[in-house]
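Accompanying notes for the structure given below.
All chains are named by letter (A, B, ...) in the order of the sequence lines, taking the proteins before the strands, and each is independently numbered beginning at 1. These numbers were taken from a predicted model, which means no experiment stands behind them.
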Amino acid sequence: MTKNNAKAYWKENLRYLFILLSIWFIVSFGAGILLKDTLNHISIGGFKLGFWFAQQGAIYVFVILIFVYVRLMNKLDKKYGFDN
Amino acid sequence: MDTQTLTYIIVGITFALYIGIAVWSRAGSTKEFYVAGGGVSPIANGMATAADWMSAASFISMAGIISFLGYDGSVFLMGWTGGYVLLALLLAPYLRKFGKFTVPDFIGDRYYSNTARSVAVFCALIVSFTYIAGQMRGVGVVFSRFLEVDINTGVVIGMIIVLFYAVLGGMKGITYTQVAQYCVLIFAFLVPAIFISIQMTNNPVPMLGMGDTLADGSGTYMLDKLDGLSEELGFNAYTEGSKSLVDVFAITLALMVGTAGLPHVIVRFFTVKRVRDARKSAGYALLFIAFLYITAPAVASFAKLNLMETVNQTEYKALPKWFNTWEDLGLIAWTDKNQDGKVQYLGPKLDGGSALSSKSPEFTGERGMSGERLISNASDNANELYVDRDIMVLANPEIANLPGWVIALVAAGCLAAALSTAAGLLLVISSSVSHDLIKKMINPNISEKGELVAARLSSVVAVIVAGYFGINPPGFVAAVVALAFGLAASSFFPAIILGIFYKRMNKEGAIAGMIVGTIAMLLYMIKFKLGWFDDVVPDESEWWFGISPEGFGTVAMLLNFIVSIVIMKFTPAPPEDVQDIVENIRIPSGAGEAAAGH
């Protein structure tokens, strides 16, 4: 493993983290808190959308985010040969 | 068979199961005692983490709190799940690669300083003790309610059982009992939820039923009905809430970061084989936790609607039997303030509010005109009904007329939740003492065998201390949860994050940051939650930036980050070999099994 290899790996890792954590922030603090009142004007079934994000939606997205991260990182490990 | 006998049988079977597992998987080495030998599969570790994480509070109190807070209760739902995203993405893989036993291990080595290690041990012990005292109390309460023993006897029974499998089995025993406890608790939570969802909305999936129309054929959405009825009775609409935006934001963030910084959660990721398993088990942990966390808000909304429809303007004598059962236990109280024989349940907008002038009802021992238990501390507003938040989950099966075995199951679920969390915390306490204090600081030459004995002895002492606090709960119990999360957020989280993502971070910065963060958190809590500085708890209008003590962890965490970085700028960079450690933990390959010495 060369030093450059490790550097490139770390850079790609940080890019993934930035994207995934942005989504993490948007669904919880964004949709569930800051934009809740606006989103509450939209209803899906019996749920007001902002309320739904705060009590249900954000949690679904959190679970998906971690499994997406697991997949992305497993691929990244392989690409740089860190998957032993 | 009556419910009482069924409860004894089901609780007895689950206890026999836990103890059987503990005997089968007892620890023979320090490595097995601290990190279960490092070979736990990601799915088993995910379940164990979930059981470790979900305490009596998650199981019993959370749905009840949401029920009364409505939208504002979302802070717990998002806060206690969102933290796992931080854990999975920012902490777990790197700490696993680092490959030691405890959080103070990481802090001590990364910041090449025994001062840093001591500060971390100190924080780990405060966080774990504040948390475990609440758990032991929870065990006692559940025992007393379902097995009809005294609360203190309940605490002692709980102590003996936890002692048995934590001392014998160490992390290995705890991990496999937690897997069993997860299965018991999630089953016990979901079964009544499904029954109630069917009753209320004809929809067997609670999280969908919550957004469905009512079963009465009116075509009205359940949540619309709940909002309407809440406003009619003078409460805020259920889906709107009343906390300020900045406070909701701060509390959610503090809970998320606190979750990611709790030592008993972090240490679970030392138990898997490889870095990729650490990532994966964080995913499974959140998945297993999510089953409860997306069901709880559904249970909360059903229970609230059920309660309001059942009691409001109903004559006391016509109330269902469960009302009297819980009144006899002191968890419901009714005062006929306007002498009409009917229950008025009213919110602040209709001159309602708290039905009591202090926190819990004080019964006089006499009965009133309608046969109700009289209380001496009724408030002078128009609301006549006091309902303890905890009964929302506990009374649900009775309110919905479910069979006795479901009620027995809920009892077993509560106990599983409380015991699994207590055991996990106990392990953190004993490893902090035997590993971080004795092995790493006081007597580095201690033999493997000696360390194992020290670990077992310190867990015995820890159980006794925790049991003492369970029997004599300190006055600050109300502040306990907020304090534990606030401290985890303001002490560990920044130090670990900076340790991984900022190679230049040095010991001076990290230590100063942890100390400032922890002290700020403690002082704010003492001033605004306990009121020790002013003899009274100061009014909400005096909160800094409008942030409650529960949300202050966010501010203290930011303070920690700022202090760390500023101090770091003026002090020398960490030595070369420490910078190499940082380079090394960023790469997932070559993670040996967690080991004591490197």
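Looking only at side-chain heavy atoms (C-beta outward), Tyr69(A) and Pro93(B) come within less than 4.5 Å of each other. A heavy-atom distance below 4.5 Å is found between the side chains of Leu86(B) and Leu21(A). At least one side-chain heavy atom of Arg279(B) sits less than 4.5 Å from a side-chain heavy atom of Asn74(A). Phe51(A) places a side-chain heavy atom less than 4.5 Å from the side chain of Tyr238(B). Looking at heavy atoms from C-beta onward, Tyr71(B) lies in side-chain contact with Ile33(A) at the 4.5 angstrom threshold. Using a 4.5 Å cut-off on side-chain heavy atoms (C-beta onward), Asp227(B) and Lys48(A) make contact. Residues Gln56(A) and Met207(B) meet the side-chain proximity criterion, which asks for heavy atoms closer than 4.5 Å.
Leu245(B) approaches Leu34(A) most closely through the heavy-atom pair CD2-CD2, 3.8 Å. What you find for Ala54(A) and Met78(B) is that their closest heavy atoms are O-CG, 3.4 Å. Closest of all the heavy-atom pairs between Ala282(B) and Ile66(A) is O-CD1, 4.0 Å. In plain terms, the two heavy atoms of Phe82(A) and Pro588(B) that are nearest each other are CB-CG, 3.8 Å. Heavy atoms only, all atoms of each residue included: Gly46(A) and Leu223(B) are closest at O-CD1, 3.6 Å.
When heavy atoms are compared at a cutoff of 4.5 Å, Met210(B) approaches chain A by way of both its backbone and its side chain. At a 4.5 Å heavy-atom cutoff, the contact between Leu90(B) and chain A is made by side-chain atoms alone. Contacts of Glu240(B) with chain A are made by both backbone and side-chain atoms, with heavy-atom separations under 4.5 Å. Contact of Ile66(B) with chain A is made through the side chain alone, with heavy-atom distances under 4.5 Å. Using a 4.5 Å cut-off between heavy atoms, Met222(B) does not touch chain A at all.
In terms of non-hydrogen atom pairs under 4.5 Å with chain A, the most contact-rich of Lys280(B), Met256(B), Glu583(B) is Met256(B). In terms of non-hydrogen atom pairs under 4.5 Å with chain A, the most contact-rich of Thr213(B), Val75(B), Leu287(B) is Leu287(B). Listed options Leu77(B), Thr81(B), Leu87(B), Leu89(B) were ranked by heavy-atom pairs under 4.5 angstrom with chain A; first place goes to Leu89(B).
Every residue meeting the side-chain hydrogen bond (donor to acceptor under 3.5 Å, both in side chains) condition with Ser242(B), not counting sequence neighbours, appears here in chain and number order: Asp72(B). Scored by the side-chain hydrogen bond (donor to acceptor under 3.5 Å, both in side chains) test, Lys304(B) finds no partners at all (sequence neighbours excluded). For Ser74(B), the side-chain hydrogen bond (donor to acceptor under 3.5 Å, both in side chains) criterion is met by Gln55(A), not counting sequence neighbours.
Ring-centre distance between Tyr293(B) and Phe62(A): not below the 6.0 Å cut-off.
Here Leu286(B) contributes atom CG and Ile59(A) contributes atom CD1; the two are 8.5 Å apart, rounded to the nearest 0.5 Å. Atom OH in Tyr60(A) sits 4.0 Å away from atom CD1 in Ile294(B) (nearest 0.5 Å).
No donor-acceptor pair under 3.5 Å is formed between the side chain of Trp24(A) and the backbone N or O of Val85(B).
Residue-level contacts of residues 11-19 of chain A with chain B, in order of numbering, are Asn13(A), Leu14(A), Leu17(A); threshold 4.5 Å between heavy atoms.
The aromatic rings of Phe67(A) and Tyr284(B) lie perpendicular to each other, with more than 60° between the two planes, well past the 30° mark.
For Arg71(A), the CZ atom sits in a loose shell: 12 or fewer heavy atoms of surrounding residues, nucleotides or ligands are nearer than 6.0 Å.
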